[in-house]
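Notes to accompany the following structure.
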Amino acid sequence: MIRVFETPTELASHAADQITAIARESVAARGHFTLALSGGSTPAATYRLLAEDAVYRASFPWQQTHFFWGDERPVPPDHPDSCYLMAYQTMLSKVAIPEAHIHRIKAELDPKIAAAEYIAELSSCDQLLKAEFPRFDLILLGFGAEGHTASLFPGTKALAEQDRWVVPNWVGKLFSMRITLTAPVINAASHVLFLVTGQEKALALKGTFEGLHEPEQMPAQLIRPQGQLSYFLDQAAASALSPETLT
Ligand code: 6PG
């Protein structure tokens with residue numbers, strides 16, 4: 001499902017609605033909500049809204065939610081590039097959440113150790129449904145100007161991973177070793193919600209939806225979850241999509 005909103009602010013408000021609705025549905029069904037957060041800058045407005053707006057603050061099931069991340073940069077949790085820090089500053093620091101419910105990727109460690117520790121964290125979380133892959137209630141994803149999502153970048157090794165849940169992924173163009181959930185884990189989620197704003201994303205979105213199926217170039221094409229897939233776009237990001245794609 002693709003929904004287009006006039007502005008990033010309107011998108012953030014609808015994203016907060018959608019996330020809260022899925023959270024409450026998950027808690028009603030199973031007593032908890034497992035959420036993998038996205039990094040980058042786009043989701044910040046939504047995270048802030050959830051924690052600061054009186055209605056969302058009161059209706060979101062903070063005590064029953066387990067917070068994870070879809071990926072992390074190789075930095076400590078107090079580094080400005082940290083996906084964890086962005087979520088902490090905009091949301092997690094503003095509400096009372098049991099520390100045991102915050103499952104940070106320790107990407108400041110050696111990459112292999114960081115990936116192994118995060119796999120252990122996923123495995124030991126009883127609230128996270130598991131079969132061959134852990135099954136998140138909701139995974140939030142961003143979308144890069146060249147089409148990456150999480151830390152699944154075009155032409156990188158992690159795109160081909162079909163077995164491991166979490167891998168270190170070398171991203172040469174950033175000179176960075178990222179830690180990321182793999183496509184099979186993302187596809188096992190009950191809900192996947194992309195939040196995408198900005199004109200700079202428009203062509204890569206067009207390539208993802210309307211171009212050849214070439215996930216090596218357009219990693220978001222790998223994301224075909226068993227559950228519900230939603231793209232929330234602002235008008236700028238959706239501006240290159242054809243009417244057929246949007247209906
Ligand atoms: C990250 C994110 C990444 C992000 C996109 C979009 O760690 O950077 O997981 O996938 O969502 O790069 O970033 P913006 O929201 O800043 O455009």
Side-chain angles (χ1 to χ4, degrees), residues 1-72 83-98 101-105 122 125 127-129 134-143 149-150 181 185-198 201 220 223 225-234 237-238:
M1 167 187 64
I2 297 175
R3 294 183 65 185
V4 181
F5 305 98
E6 233 174 277
T7 65
T9 304
E10 193 191 343
L11 183 149
S13 162
H14 283 83
D17 285 342
Q18 178 79 344
I19 295 164
T20 302
I22 295 169
R24 294 176 64 85
E25 185 187 294
S26 304
V27 170
R30 283 196 328 287
H32 45 260
F33 175 47
T34 52
L35 168 61
L37 298 171
S38 169
S41 56
T42 303
T46 301
Y47 297 169
R48 215 172 270 119
L49 202 51
L50 286 169
E52 294 176 356
D53 177 279
V55 173
Y56 295 118
R57 192 181 171 84
S59 57
F60 189 90
W62 301 103
Q63 296 305 310
Q64 291 79 25
T65 300
H66 282 259
F67 295 89
F68 299 83
W69 277 261
D71 67 322
E72 189 53 276
C83 297
Y84 162 84
L85 184 66
M86 186 275 279
Y88 180 78
Q89 288 175 330
T90 56
M91 178 170 62
L92 302 178
S93 60
K94 299 173 177 176
V95 285
I97 298 168
H101 286 206
I102 296 180
H103 307 275
R104 183 176 75 83
I105 302 174
L122 296 174
C125 180
Q127 289 71 21
L128 193 54
L129 289 175
R135 184 163 181 199
F136 288 91
D137 292 312
L138 171 61
I139 296 180
L140 294 178
L141 292 175
F143 185 90
T149 190
L181 292 181
V185 171
I186 297 171
N187 285 331
S190 301
H191 299 79
V192 174
L193 174 57
F194 280 86
L195 305 180
V196 190
T197 62
K201 316 287 179 79
I223 309 307
Q226 297 159 11
Q228 185 184 46
L229 173 61
S230 303
Y231 276 80
F232 280 15
L233 313 177
D234 71 351

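The basis for the numbers below is simple: all heavy atoms, side chains too, and nothing from hydrogens, waters or symmetry mates.
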Main chain of [Y], side chain of [X]: is a donor-acceptor contact present, judged purely on distance under 3.5 Å?
X   : Y   : result
E72 : Y84 : yes
D71 : S38 : no
S93 : Y88 : yes
R57 : V95 : no
H66 : T34 : no
Y56 : S13 : yes
Q63 : A96 : yes

Determine the minimum heavy-atom distance between [X] and [Y], stating which atoms define it.
X    : Y    : value
A150 : G70  : CB-O, 4.2 Å
L233 : I2   : CD1-CG2, 3.7 Å
Q18  : S230 : NE2-OG, 4.2 Å
G39  : C83  : CA-SG, 3.6 Å
I105 : W69  : CD1-O, 3.7 Å
P225 : I186 : CB-O, 4.2 Å

Side chains of [X] and [Y]: does their closest heavy-atom pair fall under 4.5 Å?
X    : Y    : result
K94  : W62  : no
F136 : L122 : yes
F68  : C125 : yes
V4   : D234 : no

Item checked: Worked check of side chain to side chain contact (heavy atoms under 4.5 Å, CB included) between L128 and H103 -> CA-CA 12 Å; L128 193 54; H103 307 275; over 6 Å; no
Item checked: Sole residue of Y231, F232, F143 in side chain to side chain contact (heavy atoms under 4.5 Å, CB included) with L195 ->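 Single side chain to side chain contact (heavy atoms under 4.5 Å, CB included) partner of L195 among Y231, F232, F143: F232.
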Notebook entry, point to check: Considering the options T46, I19, T42, which one meets the side chain to side chain contact (heavy atoms under 4.5 Å, CB included) requirement together with L140?
Noted result: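 Option passing the side chain to side chain contact (heavy atoms under 4.5 Å, CB included) with L140: I19.
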First locate atom [atom1] of [X], then atom [atom2] of [Y], and finally report the distance between them rounded to the nearest 0.5 Å.
X    : Y    : atom1 : atom2 : value
Q228 : L193 : CD    : CG    : 8.5 Å
L229 : I139 : CG    : CD1   : 11.0 Å
S59  : L50  : OG    : CG    : 8.0 Å
D137 : H191 : CG    : NE2   : 8.0 Å
L138 : S26  : CG    : OG    : 8.0 Å
Q64  : R24  : CD    : CZ    : 9.5 Å

